[in-house]
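All ligand and atom numbering here is 1-based and tracks the order in the structure. Note that the coordinates shown come from a computational prediction; the quantities given were computed from them, not determined experimentally.
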Amino acid sequence: MKSGLEDVVAAETVLSDVDGKNGRLIVRGVSLDELVVHNSYEDVLDLLFDGFFDTKGLRAALGRARVEVFAHVAQTDPALVVLPPVDGMRALLARLDDGQGRDAALRLVAAPAVFTTALLRLKVGLTPITPNAALSHAADSLRMMSGTMPSAQQVSALDRYLVTVADHGLNASTFAARVVASTQAGLTSSVLAALSALKGPLHGGAPGPVLDMLDAAGTPANALAWLESALANGERLMGFGHRVYRVRDPRADALKGAVRVLASSGAIDPARLALAEAVEAAALDLLKRKKPDRPLDTNVEFYTALLLEALGFPREAFTCVFAMGRVGGWIAHAREQAMDGRLIRPMSVYVGPVPQVAA
Ligand code: ACO
């Protein structure tokens with residue numbers, strides 16, 4: 001067996017397909033490059049939830065769900081505020097009811113945005129901002145964080161990010177969600193399991209360390225030397241490599257496009273973008289030379305880091321923003337699995353000692 005279960009098929013899904021050889025992601029019949037151009041996050045939720053929940057009036061219902069979920073913010077105790085944002089957000093999310101229906105699903109979609117932005121404000125002594133049900137999920141999330149109305153470009157950038165990460169086959173967090181759903185536990189239980197899997201640096205915890213890497217490299221001229229020494233120390237270069245993609249992660253390009261738009265509007269310091277591009281080029285060159293047997297390319301997390309930084313999210317909250325988008329996929333997968341009705345219960349091979357048989 002392979003301990004990472006690579007090549008093992010563990011579910012049939014109508015939700016998304018990750019084509020690792022050709023670098024293509026399809027969500028319910030639509031390829032990612034089309035999806036990001038023509039759809040908002042609410043449209044993608046509509047797509048993902050179709051057949052699993054009633055999708056009529058979904059955008060307005062999601063706005064109302066943000067307002068409902070905000071009621072829990074009042075119960076935030078100081079011990080949660082000092083935790084890393086993803087742990088504080090997970091603790092608040094655990095208080096939501098463990099239902100299976102659309103209302104429970106939409107509260108869970110709303111929760112990462114509402115709780116993360118509230119916790120970020122509480123951390124710096126500011127009052128959390130009540131959601132505005134009339135806004136889009138992306139616009140309201142940015143407003144709840146900063147307290148001011150975001151620009152159209154900022155909204156479009158966050159919306160593109162949420163669309164890009166909404167679903168991605170049977171990744172580690174989605175698998176965790178499906179395992180829990182297969183026991184017929186509720187959606188909150190599935191989302192909690194998924195969130196716990198997401199936070200690790202090998203999965204959704206990578207974009208914060210991508211910025212640490214840029215800071216440590218310092219200048220484009222220093223990029224190669226810094227990366228060489230990191231590799232020599234046995235470190236992994238954050239934002240590169242993927243279990244399934246053997247070519248460039250298509251999500252990296254979807255986000256690079258959004259980063260360039262932000263840069264052209266002055267929202268990203270040109271020196272920061274130049275440094276990122278130099279680090280990316282040096283890393284790709286180095287990985288090709290040092291790991292010739294393993295195609296390692298840029299993954300989604302590299303440009304995520306620049307995009308979320310430009311939108312004003314602190315790096316310790318990047319995993320929470322990933323969850324704001326991926327939660328839609330988790331819930332659709334959990335529902336698909338629960339409707340299948342079959343408990344997921346694989347086998348293990350025992351390699352420990354066996355009892356001695358008396359002579
Ligand atoms: N930097 C340096 N070397 C790497 C990297 C990397 N980013 N990724 C893989 N490798 C190397 C490994 O060291 C290994 O080399 P070896 O055979 O000489 O020991 C070889 O490539 C194969 O690595 P595996 O561990 O088998 O690759 P796996 O499929 O498990 O890795 C993973 C996928 C975990 C994403 C890996 O590429 C990695 O750690 N990347 C950095 C963290 C990251 O960016 N995570 C976000 C992923 S995207 C997402 O989950 C949303």
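Proximity of Pro201 to ligand 1, defined as any heavy-atom pair under 4.0 Å, is confined to the backbone N, CA, C and O atoms. With a heavy-atom cut-off of 4.0 Å, Val300 touches ligand 1 through its side chain alone. Using a 4.0 Å cut-off between heavy atoms, Arg236 contacts ligand 1 through both its backbone and its side chain.
Between Phe52 and His333, the distance separating the two ring centers is not shorter than 6.0 angstrom.
In terms of polar-atom proximity, defined here as any N/O pair under 3.5 Å, Gly239 does make such a contact with ligand 1.
Environment of CZ in Arg24: sparse, with no more than 12 heavy atoms of neighbouring residues, nucleotides or ligands closer than 6.0 Å. When the shell of 6.0 Å around CZ of Arg289 is examined, it contains more than 12 heavy atoms from other residues, nucleotides or ligands.
Distance screen at 4.0 Å: atom 7 (N) of ligand 1 has a protein heavy-atom neighbour inside the cut-off.
In this structure, the side chain of Ser151 engages the main chain of Gln154 through a donor-acceptor pair within 3.5 Å.
Across all non-hydrogen atoms, the minimal contact from Glu12 to Arg178 is O-NH2, 3.8 Å.
Here the options are Arg59, Arg66, Arg64, the test is salt bridge (Lys or Arg N to Asp or Glu O under 4.0 Å), and the partner is Asp140; only Arg66 passes.
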Checklist entry - Given the rule in the side chain to side chain donor-acceptor pair (under 3.5 Å) test, do Arg90 and Ser196 qualify, once you have shown the distances and angles that lead to the verdict? => result CA-CA 8 Å; Arg90 183 177 56 185; Ser196 303; 3.2 Å; yes
Checklist entry - For Ser40 and Val163, what are the C-alpha separation, side-chain angles and deciding distance, and is it a side-chain contact (heavy atoms from CB on, under 4.5 Å)? => result CA-CA 7 Å; Ser40 66; Val163 167; 5.7 Å; no
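Counting protein heavy atoms only, atom 40 (N) of ligand 1 is closest to Phe240 O, 2.9 Å. Of the protein's non-hydrogen atoms, Leu296 CD2, 3.5 Å is the one closest to atom 9 (C) of ligand 1. Closest to atom 50 (O) of ligand 1, if we only count protein heavy atoms, is His203 ND1, 3.0 Å. Distance from atom 35 (C) of ligand 1 to its nearest protein heavy atom, with residue and atom name: Gly241 O, 3.8 Å. Atom 45 (N) of ligand 1 has as its closest protein heavy atom Leu202 O, 3.4 Å. The protein non-hydrogen atom at the shortest distance from atom 47 (C) of ligand 1 is Asn299 ND2, 3.5 Å. Among all protein heavy atoms, the one lying closest to atom 1 (N) of ligand 1 is Leu237 N, 2.9 Å. For atom 20 (C) of ligand 1, the nearest protein heavy atom (residue, atom name, distance) is Arg294 CG, 3.9 Å.
Neither side chain, Ser190 nor Trp330, offers a donor N or O lying under 3.5 Å from an acceptor on the other. For the residue pair Asp98/Ser189, the side-chain donor-acceptor check at 3.5 Å is satisfied.
Using a 4.0 Å heavy-atom cutoff, Gly4 is absent from the residues neighbouring ligand 1. Note on ligand 1: Leu231 sits in its first shell, one or more heavy atoms being nearer than 4.0 Å. Using a non-hydrogen distance threshold of 4.0 Å, Leu287 registers as a contact of ligand 1. Remark: distances from the non-hydrogen atoms of Phe322 to ligand 1 include one below 4.0 Å.
Between His168 and Tyr245, the ring planes lie tilted relative to each other; the angle falls in the 30° to 60° range. Ring geometry for Phe240 versus Phe302: interplanar angle of 30 to 60°, hence tilted.
Residue nearest to atom 18 (O) of ligand 1, selected from Lys291, Lys290, Arg243: Lys291 (by heavy-atom distance).
Contact atoms of ligand 1 toward Ala206: 43 (C), 44 (O), 45 (N), 46 (C) (distance under 4.0 Å to a heavy atom of the residue). Annotation for ligand 1: atoms under 4.0 Å from non-hydrogen atoms of Glu301 are 46 (C), 51 (C). Under a 4.0 Å criterion applied to the non-hydrogen atoms of His242, ligand 1 contributes the atoms 33 (C), 37 (O), 48 (S).
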